[in-house]
Every structure is written in C-alpha cells, then in structure tokens.
Amino acid sequence: MFNIQPITFLQNNIINTGELNSIYNKIFSWVSKLNLDDFGSHMVTAIGLLLVFTILMFLLDYVLRNIILVILRAYSIKSKTKLDDILIRNKTFHNFTHLIPIALAKILFPIFFKGFPELTAFTVAVTNILVVIAVTLLVRSLIRSMRDYAKTKPKLADNPIDSYSQVASIILYCFAGIILYSILSGESPATFLVSLGAASAILMLVFKDTIMGFVASIQVSTNDMVRVGDWIEMTKFGADGTVLEINLSTVKVQNFDKTITTIPTYLLISDSFKNYRGMQNAGGRRIKRSINIKMSSIRFLEQEEIEQLKRIKLLAPFIEERQREIDDFNEHNQVDKTMPVNGRRMTNIGLFRAYIMRYAQQNPNIHKEFFLLVRHMQPTEHGLPLELYMFTNSTVWATYENVMADIFDHLLASISFFHLEVFELPSSDDIREFLNKNMK
C-alpha cells in the first residue's frame, strides 16, 4: 500500500497519537451523557472534532498566508537575487502551506472516525490523495520556478527551456497518476506498469505528437539549430521573424508584421528552414541586387568622354592607370586605331563597374573585410544584369535597407554620366510619345 514517510515520521515523533485518542475518549464520554446511543455519540464527537479542525485549519491558513508569505515578500523585495521573487510568483510557498493542514488531516482523521472503523480505509485514502495532489502542485511550481530562473541566465536563455520543463511536468504527472492508481486500487504500482506496457501501442499513438516533439526538442537543442531570439524563415508555413518560444509541441515565431506563427517542433527536423543567426553573428548582411543595363547603350568611349569622366575623383586615378596600360599594349602591338575594335579601348560599362567598386569601397556602411564584387550576369531579354555583391556592416533590417537604397539611388542617378541606360519595359507614355513623333 501507498505510504508517506515524512507524515509517518511526523505522526510517530512529533504528534502524540495516544494523547489524541485520550482526548477523543473524554469527548465521547461527555457526549454519551446526553442520553445518546454509541452510534449517535460517535457521530456527534466526529462532527464536532471536524468542525473544530476545519476552523483551526482556516485560521492556520490565514496565518501562514498573511504573515509568513508577507514576510517572505518583504524579504524578496530587499534581496538582490531573483530566485525568491520567482518562487513567490509561481506560488511555491503558497502550495507548500497546503501541505500542513493536509498532513494534520492525515494524522487526525483516523482518530476522528475512530467510532466508524469501516470508514478508516476511506479517510486514509482520501488524505493520501490530497497529499499526492499537494505534493504534485508543489513540485510543479518548483519546476516552473527553475524554468523561469534559468531564463534569467544569459547562457541558458536561448535554450528550449520550456521543452525541458514540459517534459519534467509530464514525468511528474505520470508518477502522480501511478501513485493515485495505487491508492485507489490498493495494488502495487508494478501492477499498473505491467498493464501499461500492454497498452503501450495505444499510448504511442495518443502521444505521438508529444513524443515527436520531445525528440525534436532534444535534437534542436543538441545540434544548436534554433535558439530563442533567432530570426528564422520558414516560407512553407508563413514564418519570417523572431523565435519567441520553443516548447515541447510548438515553436512560436513573431513575424515582422507582429503576427504569430506556430510551427510544430518536429517540423524543424523534418523540413528545411533558414536561420539568420550566422548573419547576425558575423556582423554583416549581404546585398545581392542587379541593375539591368540596356545593351544597345553599351559602347566604346571617345577620348572627350574619357576626359570628362576623369573629373570624377573616384575614377580619375583608375582611368589614368588604365589608359597607360591600353596605350602601352596598343603601341607594342602596333594596333590600327582607325578601327575601334582593334586593340584595347575603354568602354562605358567597364568604367561604370570600376566606379561602383570604388564607390562601395569608400562607403563607410559597407563591410571591408567581407567579399565585394561587381559582376556581369547572363544577358537576357531584359538587358545585361550588373550585379552588386557586398555586405553592409550592420545587420539591422532598417539600416540595411537604407544603406542599400542609398547605394542604388546614387548609381541609378549616376548611370547617365557614363552614357548608359537602364533597361525598362515601355510604358504607355513611351508608346504614346513614340506614336506622336512618327505621326508628325
């Protein structure tokens, strides 16, 4: 049978049950003088003792909650540690105070119902159930307190602590359920475990998501795949934002539009997602965007146009060095300069690429230690894509967008100085203007 050793110790060493039995006998003798039979005398004695006990327990509960807890709250305000505040917030001390009247009830109820031996087993079972429930609530509040305290530690704040606390709570509830079964049935917990093994297939089916979530939580934590505070993107489920919580069954993501997306934890293992933590830790965010150049505007530059572009400070040293290399090559190979395609010449697209590189290199918002490239992509029906590949030195989204917008604002405004045009599909105004010119 189920037994609780601390209460047994309390009964044997602190409370003298012999004196309590003596008190019961005296009250019973006094009630018997009221010309009641034995059954009536036992009934009046039991009800009277229960009323007195109930009043005393209410008074005790009041004292514990309004004196001891007030003292503890005052102490927690003055203390520097957060643990006591967390214990009070999770009602740990409050749940502990419930154990005192329940423990007293377990000791006194068999004496109160001394005249009704057939109820002894029932009262013992009821008080044992109350003890199990009170201990379960106390341990649950301790688990929650440990969870909240762990979240205050920087080294643990980004771990799936909620998953661990939920697993611990499930184990606690399982143990409590087994003990309650033992109390109600009067059988050993081993009997319940044997029958539980026979129903394991059904339990596996019922708790499939919980088991998968538990395994996924362990894998996510062990492999350091996701932490609380990470920015993840899971397009399939509409998630693009910051991880708020990782628990046993779900991962909560706050999207940038402030909506909340809930994803089953096991899907982080079975499906792919993008985690931007590496980008944030590196301290730079990639710019990878193209300007489509109208290919018919790409050509060789005349000397007068080159001289004009020398007025651009960033380009002047490059143009002078490049011109010397071209002149030396053409002179060494006796190039016929009457044909532009002979030998080497500067092009407007080449100088524009050189300008973009130097503009990015001197930009204080571009990361100088990361890869920086301006390259041609495959020409398409929409022109020649000129791709900028570089990194900003800030990972903040708003800053990143502003830096990228400033760069492309400048380049789109500067492109006409290189006698280039940006490709765009004709609009209705372009067609109208073309028709008007041809009609005239």
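What you see is a predicted model, and the numbers here were worked out from it, not measured in a lab.
- Of all the heavy atoms in Gly284 and Thr395, the pair that sits closest is N-CG2, 3.6 Å.
- Phe352 meets the ring pair (Phe, Tyr, Trp, His ring centres under 6.0 Å) test with Phe418; sequence neighbours excluded.
- Considering only heavy atoms from C-beta on, Ile269 comes within 4.5 Å of Met225 through its side chain.
- A search for side chain to side chain donor-acceptor pair (under 3.5 Å) contacts involving Gln280 returns nothing, not counting sequence neighbours.
- Side-chain contact between Met346 and Ile319 is present, with heavy atoms from C-beta onward closer than 4.5 Å.
- The local environment of OH in Tyr355 is crowded, with over 12 non-hydrogen atoms from other residues, nucleotides or ligands closer than 6.0 Å.
- Residues Arg89 and Ile86 have side chains in contact (heavy-atom distance under 4.5 Å, counting atoms from C-beta outward).
- For residues 349-370, the set of pairs meeting the salt bridge (charged side-chain N to carboxylate O under 4.0 Å, His left out) definition, not counting sequence neighbours, is empty.
- Residues Leu388 and Leu411 come closest through the heavy atom pair CD2-CD1, 3.6 Å.
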Discussion item. Checking Tyr181 against Ile178 for the side-chain contact (heavy atoms from CB on, under 4.5 Å) test, could you report, in this order, the C-alpha distance in whole Å, the side-chain angles of both residues, the deciding distance, and whether it holds?
Written reply: CA-CA 5 Å; Tyr181 170 82; Ile178 293 172; 5.6 Å; no
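- More than 12 heavy atoms of other residues, nucleotides or ligands sit less than 6.0 Å from atom CE of Met279.
- Here the side chains of Leu420 and Ile415 are in contact, with some heavy-atom distance below 4.5 Å.
- Judged by distance alone, with hydrogens and angles left aside, the side-chain atoms of Gln362 form a donor-acceptor pair with the main-chain N or O of Tyr359 at under 3.5 Å.
- Residues that satisfy the ring pair (Phe, Tyr, Trp, His ring centres under 6.0 Å) test with His419, not counting sequence neighbours, are absent from this structure.
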Worksheet item: Can His376 and Ile349 be said to form a side-chain contact (heavy atoms from CB on, under 4.5 Å), step by step?
Response: CA-CA 10 Å; His376 288 177; Ile349 188 70; 3.7 Å; yes
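- Side-chain atoms of Asn90 never come within 3.5 Å of backbone atoms of Thr92 as a donor-acceptor pair (strictly under, hydrogens ignored).
- Closest of all the heavy-atom pairs between Thr136 and Ala176 is OG1-CB, 3.4 Å.
- The side-chain heavy atoms of Phe175 and Leu172, taken from C-beta on, include no pair separated by under 4.5 Å.
- Using a 4.5 Å cut-off on side-chain heavy atoms (C-beta onward), Arg286 and Tyr389 make contact.
- Screening residues 126-140 for salt bridge (charged side-chain N to carboxylate O under 4.0 Å, His left out), with sequence neighbours left out, gives no hits.
- Minimum heavy-atom separation, Thr392 to Ile287: CG2-CD1, 3.5 Å.
- In terms of the side chain to side chain donor-acceptor pair (under 3.5 Å) criterion, residue partners of Asn255 (sequence neighbours excluded) are, by chain and number, Thr259, Thr261.
- Proximity of a side-chain donor or acceptor of Asp230 to a complementary backbone N or O of Asn275 within less than 3.5 Å is not detected.
- Between the CE atom in Met377 and the CG atom in Asn292 there is a gap of 10.5 Å [rounded to 0.5 Å].
- For residues 237-253, no residue pair satisfies the salt bridge (charged side-chain N to carboxylate O under 4.0 Å, His left out) rule, not counting sequence neighbours.
- With Asn348 contributing its side chain and Ser297 its backbone, the two residues share a donor-acceptor pair below 3.5 Å.
- Nearest heavy atom pair, residue Ile183 against residue Ala125, reads CG2-O, 3.7 Å.
- Ile246 is not listed as a side-chain neighbour of Leu268, based on a closest heavy-atom distance of 4.5 Å or more.
- Annotation: salt bridge (charged side-chain N to carboxylate O under 4.0 Å, His left out) contacts involving residues 378-387, sequence neighbours excluded, comprise Arg375-Glu387.
- Among pairs with a residue in residues 244-290, those fulfilling ring pair (Phe, Tyr, Trp, His ring centres under 6.0 Å) read Trp231-Phe256, Trp231-Tyr276, Phe256-Trp397, at least two apart in sequence or across chains.
- With sequence neighbours left out, the ring pair (Phe, Tyr, Trp, His ring centres under 6.0 Å) criterion links His382 to Phe423.
- Arg289 is linked by a salt bridge (Lys or Arg N to Asp or Glu O under 4.0 Å) to nothing, counting only residues two or more places apart in sequence or in another chain.
- With sequence neighbours left out, Pro379 forms a side chain to side chain contact (heavy atoms under 4.5 Å, CB included) with Met295, Leu384.
- Listed here is the closest heavy atom pair of Thr235 and Glu233: OG1-OE2, 3.5 Å.
- Rounding to the nearest 0.5 Å places CG of Leu351 at 6.0 Å from CG of Leu315.
- Taking the side chain as every heavy atom from C-beta outward, Ile356 and Leu386 approach each other to under 4.5 Å.
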